[in-house]
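All values reported here derive from a predicted model rather than from experimental measurement.
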Amino acid sequence: LVMAVLQLGFVTIFLSEPLISGYTTGAAFHVATSQVKRFFGICMKSPTNPAAFFKVYIYIFSHITETNVATLLTGILAAALLYGLKTLNQSYRKRLPFPIPSELIIVVLGTLISWSGDFGNRWGVKIVDEIPTGSPPQQFSNFSSMPFKDVVSATFAIAIVSFAIYVSIAQGFAKKHGYTIDSNQEFIALGLGNVVGGCFSCLVGTGSLARSAVFESVGANTQLGTVFSSLIVIMVVYFIAPLFESLPKAVLAAIILVALKNLFLQFRELKRLWGISSSDAAVWFMSWLMALVFGVELGLAIAVLFSLMVVLIRTSRPYACVVGRTRGSDLYRNVSMFDDVRGEGERMREWWKDGERERERGK
């Protein structure tokens with residue numbers, strides 16, 4: 001909220017489109033990797049950065065014999081069915097009276113089949129199990145045990161990192177769907193959300209790429225979708241949570257992985273950028289690589305620094321080219337890229353005349 005009052009939303013200008021696209025693609029790899037262990041039914045602790053992405057796959061392949069076949073088949077079937085329903089939705093969206101609620105169908109079917117077949121006890125499939133009901137107790141945080149300077153420094157660092165992640169995800173979806181966001185307004189929304197959450201023992205709120213991707217994939221387009229989603233979450237938390245205790249975690253992993261498909265397809269952006277600007281393509285690739293190797297927090301910071309370095313290099317070495325006037329118009333274009341410009345002789349005469357004018361002015 002303080003940053004909103006100080007109008008610090010201008011800092012988002014350092015988050016260029018290639019940076020956001022590459023960063024969100026790298027973050028999507030991390031989200032997908034976090035679900036792979038649930039697909040295989042392998043228990044492991046979440047590794048720490050750097051190179052947490054690679055550590056996960058090294059551990060999984062070194063313990064591949066511990067794979068729970070029932071869990072793997074459950075995840076594959078759920079992902080295949082969900083992808084099929086989404087394809088059906090996309091192919092017949094004009095003929096269907098309303099979109100098929102594919103995620104809801106997968107969750108209900110997965111829960112019913114798992115409950116009827118006793119997947120948890122009979123096949124060792126990891127299920128959601130007991131879901132706590134109700135909300136956390138309403139209480140304010142106790143800072144008396146922490147030095148004031150530590151509280152301020154930690155708060156500032158968390159605010160910067162959470163907002164950077166939040167706005168990078170928001171700008172990614174804004175570009176995809178053709179709208180703009182007000183960074184200062186997002187400061188207010190994020191600040192108020194965390195103030196309210198802080199009264200209920202909540203963790204710091206920020207953007208969630210996995211949940212945003214799922215939300216987008218079900219067809220939500222406005223804030224009204226968030227209202228209904230929140231009401232359903234409240235109903236689940238207070239009343240119907242026990243009904244989903246038999247839901248396999250592999251089914252939830254399948255929903256997230258399928259929802260990330262469009263983010264993986266952002267790799268096509270790299271080829272397009274390479275044909276336009278090699279420096280923009282380098283920013284995209286480094287943003288993706290840094291997010292992949294160093295994680296979403298440190299990776300974003302390194303990507304921003306690299307982007308600033310590219311800007312400084314491009315500023316110190318501006319682009320220059322020979323231009324010629326297009327035949328039949330007053331437009332001047334790069335002679336190495338367009339054929340419909342005046343010949344070399346005419347360009348030389350124009351340069352000579354310009355030089356003469358400069359000398360006349362000097363006299």
Within 6.0 Å of OH in Tyr92, more than 12 heavy atoms from elsewhere = no

Verify, without hydrogens or angle tests, whether Ser34 (side chain) and Val31 (backbone) share a donor-acceptor contact under 3.5 angstrom.
-> yes

Please report the shortest heavy-atom distance between Phe29 and Leu292, naming the atom on each side.
-> CB-CD1, 3.5 Å

Which atoms form the tightest heavy-atom contact between Tyr59 and Cys43, and what is the distance?
-> OH-O, 3.4 Å

So Leu273 and Ser277, side-chain contact (heavy atoms from CB on, under 4.5 Å) or not? Walk me through it.
-> CA-CA 6 Å; Leu273 288 173; Ser277 170; over 6 Å; no

Would you give the length of the straight line joining atom CG of Leu312 to atom CZ of Arg314, rounded to the nearest 0.5 angstrom?
-> 11.5 Å

Rounded distance [0.5 Å steps], CD1 in Ile302 versus CG in Leu298 = 4.0 Å

NZ on Lys126 to CD1 on Ile42, rounded to 0.5 Å | 11.5 Å

Side chain Gln266, main chain Ser21, donor-acceptor under 3.5 Å = yes

Closest non-hydrogen atom pair between Val56 and Met44, with its separation = CA-CE, 4.0 Å

Assign the ring pair Phe285 / Trp288 to parallel, tilted or perpendicular, where the plane angle (0 to 90°) is split at 30° and 60°.
-> tilted

Within the distance-only criterion (no hydrogens, no angle test), does the side chain of Ser114 pair as donor or acceptor with the backbone N or O of Thr111 below 3.5 angstrom?
-> no

Is the ring centre of Phe267 less than 6.0 Å from the ring centre of Trp284?
-> yes

Verdict with supporting geometry, Val128 and Leu252, side-chain contact (heavy atoms from CB on, under 4.5 Å) | CA-CA 9 Å; Val128 174; Leu252 296 176; 4.0 Å; yes

Side chains of Phe53 and Val293: closer than 4.5 Å at any heavy-atom pair?
-> no

Can you check side-chain contact (heavy atoms from CB on, under 4.5 Å) on Thr24 and Phe173, steps first, answer last?
-> CA-CA 10 Å; Thr24 52; Phe173 284 104; over 6 Å; no

Spacing of CD1 belonging to Ile100 relative to OG1 belonging to Thr87, to within rounding of 0.5 Å = 10.5 Å

For Thr71 and Ala250, the nearest pair of non-hydrogen atoms, with its separation, is O-CB, 3.7 Å

Please indicate whether Lys37 has more than 12 foreign heavy atoms, meaning atoms of other residues, nucleotides or ligands, lying under 6.0 Å from its NZ.
-> yes

Measure the shortest side-chain to side-chain distance between Leu81 and Leu109 over non-hydrogen atoms and say whether it is less than 4.5 angstrom.
-> yes

So do Leu192 and Val196 actually touch side chain to side chain, heavy atoms under 4.5 Å?
-> no

Roughly how far apart are Lys261 NZ and Leu263 CG, rounded to 0.5 Å?
-> 11.0 Å

Ser307 side chain vs Ala303 backbone, donor-acceptor pair below 3.5 Å = no

Less than 4.5 Å apart, any side-chain heavy atom of Trp274 and any of Lys271?
-> no

Inspect the surroundings of CE in Met309 and state if more than 12 heavy atoms from other residues, nucleotides or ligands are less than 6.0 Å away.
-> yes

Identify the two heavy atoms, one from Trp123 and one from Asn68, that lie closest to each other, and give their separation to 0.1 Å.
-> O-ND2, 3.1 Å

Between Ile113 and Thr74, does a side-chain contact (heavy atoms from CB on, under 4.5 Å) hold up when you go through it step by step?
-> CA-CA 10 Å; Ile113 295 174; Thr74 300; over 6 Å; no

Whether over 12 other heavy atoms sit under 6.0 Å from Tyr179 OH | yes

Distance in Å, Gln35 CD paired with Leu257 CG, rounded so as to fall on 0.5 Å steps = 6.0 Å

Would you call Leu19 and Met290 a side-chain contact if the rule is heavy atoms closer than 4.5 Å?
-> no

Donor-acceptor pair, side chain of Thr67 and main chain of Ile64, under 3.5 angstrom = yes

Correct closest heavy-atom pair for Ala174 and Ile181 would be CB-CG2, 4.2 Å

